[in-house]
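Have a look at the structure below, then the notes.
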Amino acid sequence: METSQPTKVTVQAVIQAPVEKVWRYWTEPDHITKWNQASEDWHAPRAENDLRVGGKFLTRMEAKDGSMGFDFGGVYDVVNRHEAIGYTMEDGRRVDIAFVDQGNETRVIETFDAESSNPVEFQQAGWQAIMDNFKAYTEQN
């Protein structure tokens with residue numbers, strides 16, 4: 001039986017903020033709930049984050065009209081402060097995030113294993129929309 005490697009998808013943004021601020025806004029639940037949605041009709045009413053190797057995180061994502069929602073969570077495999085985060089989602093897919101310190105700006109590069117039930121382009125667009133929300137929130141606050 002052949003096992004195929006998952007398709008890797010990358011999204012990224014350059015945030016006009018130092019890496020310390022970018023890291024804090026990416027990892028603190030009070031900030032996560034402010035930016036972690038792909039569109040205006042969704043929100044993240046709750047986030048929990050135990051930022052350590054073996055620690056778990058969970059973000060509740062819901063449609064604002066209450067029609068649907070889901071928990072997005074996983075377990076951290078890599079936590080290198082101000083440099084990298086890696087985790088395994090509950091369905092076994094991997095995500096790796098690099099924080100590249102560029103002085104007064106930070107490049108965030110997120111690579112994830114695509115799932116098989118939605119087109120890769122759809123997944124990339126959704127994850128990029130969340131990244132773009134993160135960039136806007138971090139730069140404006």
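Within the 3.5 Å criterion, the main-chain N or O of Val9 finds no donor-acceptor partner in the side chain of Gln124. In this structure a side-chain-to-backbone donor-acceptor pair under 3.5 Å is present from Thr106 to Ala17. A donor-acceptor contact shorter than 3.5 Å is absent between the side chain of Gln16 and the backbone of Glu139. Using modelled atom types, no side-chain atom of Glu62 and backbone atom of Met68 make a donor-acceptor pair closer than 3.5 Å.
Distance check: Arg93 CZ to Lys8 NZ gives 11.0 Å after rounding to the nearest 0.5 Å. Here the CD1 atom belonging to Ile32 is positioned 12.0 Å from the CD atom belonging to Gln37, to the nearest 0.5 angstrom. Within the model, atoms NE2 of His43 and CE of Met61 stand 10.5 Å from one another, a figure rounded to the nearest 0.5 Å. To the nearest 0.5 angstrom, Ile85 atom CD1 is 4.0 Å from Phe99 atom CZ. With rounding to the nearest 0.5 angstrom, the CG atom of Asn49 is 7.5 Å from the OG1 atom of Thr59. If you take CZ on Phe112 and CG on Asp96, they are separated by 12.0 Å, rounding to the nearest 0.5 Å.
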Side-chain polar contacts of residues 22-31 - donor-acceptor pairs under 3.5 angstrom, sequence neighbours left out - could you list them?
| from | atom 1 | to | atom 2 | distance (Å) |
| --- | --- | --- | --- | --- |
| Thr27 | OG1 | Trp23 | O | 2.8 |
| His31 | ND1 | Tyr137 | OH | 2.7 |

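The two atoms that bring Ala44 and Asn36 nearest to each other are CB-O, 3.5 Å, heavy atoms only. Pro45 approaches Arg60 most closely through the heavy-atom pair CD-O, 3.1 Å. Looking at every heavy atom in both residues, Ala38 comes nearest to Gly126 through CB-O, 3.8 Å.
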Item to complete: Tell me, with the steps shown, if Arg46 and Asp71 meet side chain to side chain contact (heavy atoms under 4.5 Å, CB included).
Response: CA-CA 9 Å; Arg46 182 171 51 88; Asp71 290 336; 4.2 Å; yes

Discussion item. Determine whether Ile97 and Val108 satisfy the following criterion, side chain to side chain contact (heavy atoms under 4.5 Å, CB included), listing intermediate values before the conclusion.
Written reply: CA-CA 7 Å; Ile97 307 147; Val108 180; 3.8 Å; yes

Practice prompt. Evaluate side chain to side chain contact (heavy atoms under 4.5 Å, CB included) for Thr138 paired with Trp35, printing each intermediate quantity in order.
Written response: CA-CA 9 Å; Thr138 304; Trp35 59 263; 5.6 Å; no

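By the 4.5 Å heavy-atom criterion applied to side chains, Gln102 and Val14 are counted as neighbours. Within the 4.5 Å cutoff, no side-chain heavy atoms of Asn141 are placed close to those of Lys34. Inter-residue side-chain proximity for Met89 and Val95 is flagged as met; some heavy-atom pair is nearer than 4.5 Å. Looking at Phe57 and Leu51, their side chains never come closer than 4.5 Å, going by heavy atoms from C-beta outward.
Phe70 and Trp42 have tilted rings, their planes meeting at an angle from 30° to 60° on a 0 to 90° scale.
Salt-bridge annotation for Arg107 and Glu105: absent, with no side-chain N of the basic residue lying under 4.0 Å from a carboxylate O of the acidic one.
Residue Lys21 qualifies as enclosed at atom NZ: its count of foreign heavy atoms under 6.0 Å is above 12. The 12-atom threshold is exceeded at CG of Asn118, counting heavy atoms of other residues, nucleotides or ligands nearer than 6.0 Å. Phe72 CZ: more than 12 foreign heavy atoms inside a 6.0 Å radius.
Residues Val120 and Ile130 share a single hydrophobic cluster, defined by chaining ILVMFWY side chains whose heavy atoms lie under 4.5 Å apart.
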